[in-house]
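Atoms within each ligand, like the ligands themselves, are counted from 1 in listed order. One-based numbering along the sequence shown. Reckoned from all heavy atoms, side chains included, excluding hydrogens, waters and symmetry mates.
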Amino acid sequence: MLPSLAMNATPVEILISSPEIQQRIRELAAEIRRDLPGEDIHFICVLKGAFLFLADLVRAMDGGVTMDFMAMSSYGAGTTSSGEVRLVKDLDAGLEGRHVVIVEDIVDTGLTLHYLQDILRARGPKSLRTACLLSKPSRRQVDVQVEYVGFTIEDRFVVGFGLDYDEHHRNLPFIGVIA
Ligand code: 5GP
């Protein structure tokens with residue numbers, strides 16, 4: 001049985017190329033810095049999907065930056081949401097008095113982000129903003145505020161640049177759809 005080999009061989013069609021992603025991330029970094037000039041910015045990476053976005057975003061940032069990591073339950077081994085949102089790994093440090101930017105891979109129904117924003121707001125940050133690499137507005141079930149959106153996409157299941165299908169494809173340098 002060679003399931004991972006089979007998965008690695010699955011062709012993925014490019015939807016958003018690596019240079020397009022990198023260019024957009026540089027723009028987002030500049031926008032975030034413009035909104036918080038001279039401030040230390042505390043980035044919260046939502047694992048696992050946002051790890052590459054966070055890594056490139058913070059490397060494109062000027063000025064003081066700190067970061068922390070948390071994990072929420074999301075899709076299981078398939079492509080349909082369970083609708084259930086759970087905190088799986090909490091932050092190491094508090095948020096009181098900090099300028100916080102949540103870094104998410106994709107906002108789909110908005111349920112995960114809505115829950116996350118509520119619990120982080122309750123921890124007393126000086127400001128709370130959200131950056132999402134991707135957004136699927138047609139799928140939204142709850143209204144969530146996202147100040148920085150990388151790309152708006154149609155209702156398609158995407159992989160790559162941190163996003164997985166059954167834990168595969170996160171390493172792709174582009175956003176794609178399974179062909
Ligand atoms: P929401 O709570 O907004 O419905 O879902 C958010 C989470 O679902 C994302 O953080 C991501 O983990 C997962 N998700 C939503 N759409 C996609 C998609 O197209 N591809 C992948 N790989 N994950 C997705």
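Listed by number with element, the atoms of ligand 1 under 4.0 Å from a non-hydrogen atom of Thr109 are 1 (P), 2 (O), 3 (O), 4 (O). Per-residue contacts place Asp105 under 4.0 angstrom from the following atoms of ligand 1 (heavy atoms of the residue considered): 9 (C), 10 (O), 11 (C), 12 (O). Atom numbering of ligand 1 starts at 1 in the shown order; those under 4.0 Å from a heavy atom of Lys136 are 16 (N), 17 (C), 18 (C), 19 (O). If you number the atoms of ligand 1 from 1 as listed, the ones under 4.0 Å from a heavy atom of Leu163 come out as 21 (C), 22 (N), 23 (N). Using a 4.0 Å cut-off to heavy atoms of Asp164, the atoms of ligand 1 that qualify are 21 (C), 22 (N). The atoms of ligand 1 that sit less than 4.0 Å from any heavy atom of Thr112 are 1 (P), 2 (O), 5 (O), 6 (C). Heavy-atom proximity to Glu104, at under 4.0 Å, picks out these atoms of ligand 1: 10 (O). Using a 4.0 Å cut-off to heavy atoms of Gly110, the atoms of ligand 1 that qualify are 1 (P), 3 (O), 4 (O).
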Quick one: side chains of residues 48-57, donor-acceptor pairs under 3.5 Å with protein atoms, not counting sequence neighbours, listed by atom name and distance.
from: Lys48; atom 1: NZ; to: Glu167; atom 2: OE1; distance (Å): 3.1
from: Lys48; atom 1: NZ; to: Glu167; atom 2: OE2; distance (Å): 3.3
from: Asp56; atom 1: OD1; to: Arg59; atom 2: NH2; distance (Å): 2.7
from: Asp56; atom 1: OD2; to: Gln22; atom 2: NE2; distance (Å): 2.9

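Residues passing the side-chain hydrogen bond (donor to acceptor under 3.5 Å, both in side chains) test with Thr66, sequence neighbours excluded: His42.
Residue contacts with ligand 1: Arg156 is included, with a non-hydrogen atom under 4.0 Å away. Using a 4.0 angstrom heavy-atom cutoff, Leu113 does not count as in contact with ligand 1.
Salt bridge annotation for Arg33-Asp62: absent, with no cationic side-chain nitrogen under 4.0 angstrom from a carboxylate oxygen.
There is no side-chain donor-acceptor pair under 3.5 Å between Ser138 and Arg140. The closest side-chain donor-acceptor pair between Gln117 and Thr130 falls under 3.5 angstrom.
Residue contacts with ligand 1: Tyr165 is placed with no nitrogen or oxygen under 3.5 Å of a nitrogen or oxygen of the ligand (distance criterion only). At under 3.5 Å, a nitrogen or oxygen of Val158, whether backbone or side chain, sits near a nitrogen or oxygen of ligand 1.
Here the side chains of Thr109 and Val142 are not in contact, with every heavy-atom distance at 4.5 Å or above. In this structure the side chain of Met72 reaches within 4.5 angstrom of the side chain of Thr112, judged on heavy atoms.
For Glu154, the CD atom counts as loosely surrounded, since its 6.0 Å shell holds 12 or fewer non-hydrogen atoms of other residues, nucleotides or ligands.
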